Amino acid sequence: MSDYTARLKALTAEPSKDTGDDAARRGRVGRTRDEMMDQGRVLDTTIAAEREACSTLARAVVERGVKRIVITGCGDSWFAAIGARLAVERATGLVVEPAQAFDWAHFASSTADASTLVIGISSGGSTPAVVASMQAAKAQEALVFGVSNTTGSTVLTDFDGGLVVHAQRRGWPTQSSTATTGLLIALGIEIGALLGRDVDALRKGLSTVGASMDAVARDCDDAARDWAAQIADASIVLFAGAGPHFAAAAFGAAKVRELSPIHAMAMPLEEYHHYRSQKRDDPLFLIAPDAASRERALDTALVSEDAGGRTVALLPGPDDEIDSRIAHSWRMPQVDDALAPLVYSVPLHLVAYHFAEARFARNLGYPGHLQAT
Ligand SMILES: NC(=O)CC[C@H](N)C(=O)O
């Protein structure tokens, strides 16, 4: 007979529990605080530290004549790839595909070839599905790079090159995910520059986005704490964002699931409208940084008002038609739409943190009405 006990133990190694007062989960929530408030500085540090490495890898990409870039990851690493796609496509003019690593390894790698660049992201450096995607890429003779927080790890040492994310992940992942997104964009800019493309605006935007991220963290802290306390009774939290902004939605939902620990769902903004997604009192975070998102964001505000949802929108400026139909609008700084995932992720991290703290204060685990035993 197989020993499924050991197998299950490995599968459930992350030690947090669903009780309202779980000490392991609470400890890690506490350690998330400083990390999430410091994301812009860490993004800047990471990009500065990896400047030479980015140049070296970009030269290899151009020498190879890469035509297509696939970025693989699981969880937050996959979301980082989704958040970087628009910026990397704009910078390089190449097709960029964010891919769930397991799915890509097993179902989508057959068309990779020597003109494909595959970038595998693993914070710990040896996530099996990510390593499998990189091995599948290697078997197809693709150029393969790794991105990781862990120096000396498999994804950095066993392939064609790597970039190190200089971020901490003692709390639940926040700064490691945004720094990874920023580092992918920095690599894209170096590749685009070598290809003779105009990357000046993006490069300039990336050089100031870190300061905006940390300003947003300070500016949104009180609003996030107040709103989290008001929605602390929720049993699900919804997030919606289009295109690259789906990455911010996905980070937000992942943090609620990890820290709280209730269900949370991220939707591409358009998908909200293909079901009755929001029920009475369901909290929704609507992420709409750009003109492309605006009309569907207004549609979402209309439906949300009609459904009796509790909605907060993250918007780049006043918008009476949206503002008047929802609970709150939080103003974000003006930022290039391709860099917006970096800025708009930050308040959602804060929401997840304060939501978890508000639920600990009420001894709410999962399901909400059960007391810890
Ligand atoms: N957010 C994720 O990508 C998963 C994080 C991982 N479970 C951790 O504990 O750090």
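Counting from 1, the numbers follow the sequence of the chain as shown. These numbers come from a predicted model, not from an experiment.
Rounded to the nearest 0.5 Å, atoms CG (L184) and CD1 (I189) are 11.5 Å apart. Considering CG of L43 and NE2 of H166, their distance stands at 12.0 Å, rounded to 0.5 Å. Atom CG of residue D226 and atom SG of residue C220 lie 11.5 Å apart, to the nearest 0.5 angstrom. Here L194 contributes atom CG and E63 contributes atom CD; the two are 9.5 Å apart, rounded to the nearest 0.5 Å. Atom CD1 of I231 is separated from atom CG of D282 by 10.5 Å, given to the nearest 0.5 angstrom. Atoms CZ and CZ, on R90 and R197 in that order, are 10.5 Å from each other to the nearest 0.5 Å.
L350 has its side chain within reach of M36: a pair of non-hydrogen atoms, C-beta onward, lies under 4.5 Å apart. Put simply, the side chain of D320 does not reach to within 4.5 Å of the side chain of S324, judged on heavy atoms. Residues V303 and H273 meet the side-chain proximity criterion, which asks for heavy atoms closer than 4.5 Å. Between F145 and I71 the shortest side-chain heavy-atom distance does not fall below 4.5 Å. Counting only heavy atoms from C-beta outward, the side chains of L183 and C54 approach each other to under 4.5 Å. Within the 4.5 Å cutoff, the side chain of R7 has heavy atoms near those of the L11 side chain. L202 has its side chain within reach of L339: a pair of non-hydrogen atoms, C-beta onward, lies under 4.5 Å apart. Considering only heavy atoms from C-beta on, S77 stays 4.5 Å or farther from T180 through its side chain.
Salt bridge R169/E35: absent, no basic N to carboxylate O contact under 4.0 Å. Ion pairing between R170 and D34 fails under the 4.0 Å rule for side-chain N and carboxylate O. Between R25 and D18, no side-chain nitrogen of the basic residue sits less than 4.0 Å from a carboxylate oxygen of the acidic one, so the salt-bridge criterion is not met. The pair D44-R41 fails the salt-bridge criterion, with no side-chain N (NZ, NE, NH1 or NH2) lying under 4.0 Å from an Asp/Glu carboxylate O. Ion pair R294/D319 flagged as a salt bridge, since at least one NZ, NE, NH1 or NH2 atom sits closer than 4.0 Å to an Asp/Glu carboxylate oxygen. At a threshold of 4.0 Å, the pair D3-K9 does not count as salt-bridged, since none of the basic side-chain nitrogens sits closer than that to a carboxylate oxygen. Salt bridge annotation for R218-D214: absent, with no cationic side-chain nitrogen under 4.0 angstrom from a carboxylate oxygen. A salt bridge links R296 and D299; the closest N-O separation between the charged side-chain nitrogens and carboxylate oxygens is under 4.0 Å. Salt bridge absent: D198 and R203 never bring a charged side-chain N and a carboxylate O closer than 4.0 Å. Using a 4.0 Å cut-off between charged nitrogen and carboxylate oxygen, D76 and K255 count as a salt-bridge pair. Ion pairing between E357 and R225 fails under the 4.0 Å rule for side-chain N and carboxylate O.
No donor-acceptor pair under 3.5 Å is formed between the side chain of D323 and the backbone N or O of S329. Checking side-chain atoms of Q175 against main-chain N and O of V42 turns up no donor-acceptor pair under 3.5 Å. A distance-only check finds a donor-acceptor pair linking the side chain of T92 to the backbone of L94 [under 3.5 Å]. Of the possible donor and acceptor atoms, none in the side chain of S260 sits under 3.5 Å from a partner among the backbone N and O of R257. Counting only distance, with no hydrogens or angles, the side chain of T32 and the backbone of W172 share a donor-acceptor pair below 3.5 Å. The main-chain N or O of G205 is found under 3.5 Å from a side-chain atom of T208 such that the two form a donor-acceptor pair. When atom types are taken as modelled, the side chain of R362 and the backbone of A232 share no donor-acceptor pair closer than 3.5 angstrom. Between the side chain of Q100 and the main chain of D103, a donor-acceptor pair closer than 3.5 Å is present. Looking at S55, its side chain does come within 3.5 Å of a backbone N or O of R51 through a donor-acceptor pair.
A donor and an acceptor atom, one from each side chain of T311 and S304, are located under 3.5 Å apart. Donor-acceptor pairing under 3.5 Å is lacking for the side chains of H245 and D337. Side chain to side chain, D221 and H354 meet the donor-acceptor criterion of an N or O pair below 3.5 Å. With 3.5 Å as the limit, one finds no donor-acceptor pair spanning the side chains of T116 and E141. Side chains of E14 and S16: a donor-acceptor N/O pair is present below 3.5 angstrom, by distance only.
A salt bridge (Lys or Arg N to Asp or Glu O under 4.0 Å) with E97 holds for exactly one of K67, R68, R85; it is R68. Just one residue in the list W78, W104, F102 forms a side chain to side chain contact (heavy atoms under 4.5 Å, CB included) with T72, and that residue is W104.
Ring geometry, W330 versus F285: the interplanar angle falls from 30° to 60°, so the pair is classed tilted.
When every heavy atom of A301 is checked against every heavy atom of I326, the shortest pair comes out as CB-CG2, 3.8 Å. Here the shortest heavy-atom pairing between V216 and P347 reads CG1-CD, 3.6 Å. Taking all atoms of both residues into account, the shortest heavy-atom contact from L315 to Y344 is C-OH, 3.8 Å. Residues V130 and G73 come closest through the heavy atom pair CG2-CA, 4.0 Å. Between S123 and S148, the shortest heavy-atom contact is O-OG, 3.0 Å. Heavy-atom minimum distance, A288 versus A297: CB-CB, 3.6 Å.
With hydrophobic clusters built from ILVMFWY side chains whose heavy atoms lie under 4.5 angstrom apart, M267 does not share a cluster with V237. Under the 4.5 Å side-chain heavy-atom criterion for Ile, Leu, Val, Met, Phe, Trp and Tyr, V62 and L163 are members of the same hydrophobic cluster. The hydrophobic cluster containing M134 does not contain L57, counting ILVMFWY residues as joined when their side-chain heavy atoms lie under 4.5 angstrom apart, directly or transitively. Hydrophobic clustering (ILVMFWY, side-chain heavy atoms < 4.5 Å, transitive): I47 and V164 are in distinct clusters. There is no path of hydrophobic side-chain contacts, each under 4.5 Å, that joins L269 to V351.
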Exercise. In sequence, state the C-alpha distance, the side-chain angles, and the governing distance for H349 and Y353, and then conclude on ring pair (Phe, Tyr, Trp, His ring centres under 6.0 Å).
Key: CA-CA 6 Å; H349 288 150; Y353 168 81; over 10 Å; no
Exercise. Take R325 and D306, measure what salt bridge (charged side-chain N to carboxylate O under 4.0 Å, His left out) needs, and give me the verdict at the end.
Key: CA-CA 9 Å; R325 295 188 161 89; D306 186 57; over 6 Å; no
Quiz item: Do S122 and T127 pass the side chain to side chain donor-acceptor pair (under 3.5 Å) test, and can you show the C-alpha distance, the side-chain angles, and the key distance before you say yes or no?
Solution: CA-CA 6 Å; S122 167; T127 309; 2.7 Å; yes
Quiz item: Which is it for H263 and S235 under the side chain to side chain donor-acceptor pair (under 3.5 Å) test, yes or no, and what are the steps along the way?
Solution: CA-CA 7 Å; H263 293 303; S235 53; over 6 Å; no
Exercise. Kindly indicate, with the supporting measurements, whether the criterion side chain to side chain donor-acceptor pair (under 3.5 Å) is fulfilled by S345 and Q39.
Key: CA-CA 10 Å; S345 295; Q39 298 189 63; over 6 Å; no
Practice problem: Evaluate salt bridge (charged side-chain N to carboxylate O under 4.0 Å, His left out) for K138 paired with D158, printing each intermediate quantity in order. | Solution: CA-CA 10 Å; K138 205 74 243 167; D158 288 13; over 6 Å; no
